[in-house]
There are 2 protein chains.
Amino acid sequence: MRRGKPNDPGRRARILQATLDVIRAGGMEAASYRGIAAHAGVPLGSMTYYFPTLEGLILSALDTTRSDLEPRYADPLREAQTRDDVVDALVDATIGATSPTLDDIRLYAEIRHYGARNPKVADVLQAVEDDSLVMLHRVLPNSTALAINALLWGWWSHRLAHPDTALDELTVRQAFEALVNLPAPGHPFHEKEQNHA
Amino acid sequence: MRRGKPNDPGRRARILQATLDVIRAGGMEAASYRGIAAHAGVPLGSMTYYFPTLEGLILSALDTTRSDLEPRYADPLREAQTRDDVVDALVDATIGATSPTLDDIRLYAEIRHYGARNPKVADVLQAVEDDSLVMLHRVLPNSTALAINALLWGWWSHRLAHPDTALDELTVRQAFEALVNLPAPGHPFHEKEQNHA
DNA sequence: GCTTAGTGCGTACGCAAGTACATACCGGTT
DNA sequence: AACCGGTATGTACTTGCGTACGCACTAAGC
C-alpha cells in the first residue's frame, strides 16, 4: 500500500518558503495563490492541491516562523544568568547581531497586524509571545517581562518606521536597564537601589 | 464667477469620515471605493469625482487623523510641568481616560503598517510622531523621548493583541517612571532639572 | 501488462475591484 | 429664455483573484 508517493518531495516546503518571501517583500495582501506560485516556480494547480485554502497556507507559513525565529532570540536569553546578561541580550536583539533584519521585522509586523483581526493568526502571535515571556520570566517578574516585551516591539517598530537612521545603542541600553531593574510588585525590598525619584 | 457651486457641500468631508470608519472597522484592505461609498451613502461616481485615485483618498483621510488625535494627547502633555505630571499623562494615554479606544489604536496601527511600505503614508506617520516627540522633548532629553514613544506604542500594541485582558496600571506606571527618570546622556548629573520649560 | 489510487496540473467560472467616460443636472450669466 | 461650465452619477470595461473540477501522469499491486 505504498501508493501515492510524492513525485516532488519538498515542493510543499518550497511553497511555504516562497509564501514567507512574498509576505516579507509585499505584505500579507501580496500573498496570492498566483503570486506565490510564480515565486516558487510551481503551477497554480499545485498550490490548491497542497493547500486547499489560502488561509491555511498562510497560517502554515506563519507558523514555521516560530521554529525559525525562536532559537535565535531564545538562546541568548536562556543563557543569561545576571540581569546585565539579560540587558546585553535585549540590546543585541534590538539592534545587534542577533537582531532581525528589516525584512524579518516586517514579517513579524505582518503577523501582529493580521493577528489583530484574525483569531487564528492571533493564536500564532500568542505562541510567539509566550515563548518570549516564558524566557524573560525565568529571571524577571511577570510585569517587568510585559514591559520589556512592549519596549522591544516598540524599538523594532521604530526601526521599521525609520529604516535609514540607526538607533543609538546607549539609548536602547539605558532604557532596557531601567526596566530590567524595576522592583517586583509586592516585593519592594528587592535590592535595586536604582535611581527612583 | 460664482459658477460651480457644490450642490452638496460637506459631502467631501463625509466621504473622508466614512473612509476612516471603514478603515477602523476592517483595516486598510477594506477601504474600497465601493465599500466607502456604501458606508457614506453616496454613489460610486461621487467617489472618483472627489478623489480620482484611491491612494489620494486614503492619504487625505489619514491626514485628518492628525488634527483629530493631536490635541487629545498633546494637551495633557503640554500642561505637564513636573516629571510626575508627565508620567501621569503617559499612563493616562496608555490605559486611562485619554487613551485611545481599541478602534483608534487599530486605526493608528493601520497607519504604521501601511507606512512601512508606502512613503506617502510614512510622511503622515512621521508627522504624527514628530508632534509627540516635540512635546515630550520640552521636558525630557531626546533619547528618553524616543524610548517613551517606543514603549507607548508597545503598550498600545499589547492592548491590540490582548483586547480582553486589561493592563495593570502599576505595571504601566512603573515602566514609564523608570524611563522618564533616565539620566540625560552626556549630562549624568541632570538629576531633577528640566529642560527649557 | 493491465488496474488503480494517489499525485500533479491546466483551464474556466464567478466575483469584486479600480477606473474611464458619456451623460444628466444645476444655477448663475447673458 | 437660452446658454454654459462645473457638479454629480450610472454604466461598462478590464484585471486579478479564489476556487472548482476534469484530465494526465506515476508507480505499486496483481
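Just so it is clear, the model here is predicted, and its values are computed rather than measured. Proteins get letters first, then strands, A, B, ... in listed order; numbering begins at 1 in each.
Contact check, A:S46 against C:dC9: a side-chain N or O comes under 4.0 Å of OP1 or OP2. Between A:S32 and D:dC17 there is a side-chain polar atom (N or O) within less than 4.0 angstrom of OP1 or OP2.
The interatomic distance linking B:Y33 (OH) with C:dA17 (P) rounds to 13 Å, in whole Å. Atom pair A:M28:CE and D:dC17:P shows a separation of 16 Å (rounding to whole Å applied). Regarding B:L44, its CG atom lies at a distance of 12 Å from the P atom of C:dA20, rounded to whole Å. Protein atom CZ of B:F51 is 14 Å distant from nucleotide atom P of D:dT7, rounded to whole Å. Between the C1' atom of D:dC17 and the CG atom of A:L54 lies a distance of 10 Å, rounded to the nearest Å. Rounded to an integer number of Å, the gap from B:I58 CD1 to C:dA17 P is 13 Å. In this structure, A:Y49 places its OH atom 18 Å from P of D:dT19, rounding to the nearest Å. When rounded to the nearest whole Å, the span between CE of A:M47 and P of C:dT7 equals 17 Å.
Heavy atoms only, all atoms of each residue included: B:V180 and B:R83 are closest at O-NH1, 3.5 Å.
A parallel orientation is assigned to the rings of B:H158 and B:H162, their planes being inclined by less than 30° (bins at 30° and 60°).
Residues B:V121 and A:L102 are members of one and the same hydrophobic cluster, defined by side-chain heavy-atom contacts under 4.5 angstrom among Ile, Leu, Val, Met, Phe, Trp and Tyr.
Using a 4.0 Å cut-off between a side-chain N of Lys or Arg and a carboxylate O of Asp or Glu, B:D123 and B:K120 do not qualify as a salt bridge.
Checked by distance alone, A:R34 brings no side-chain donor or acceptor within 3.5 Å of a matching partner on the base of D:dG16.
Comparing C:dG8, C:dC9, C:dC21 by their closest approach to the side chain of B:T48 singles out C:dC21.
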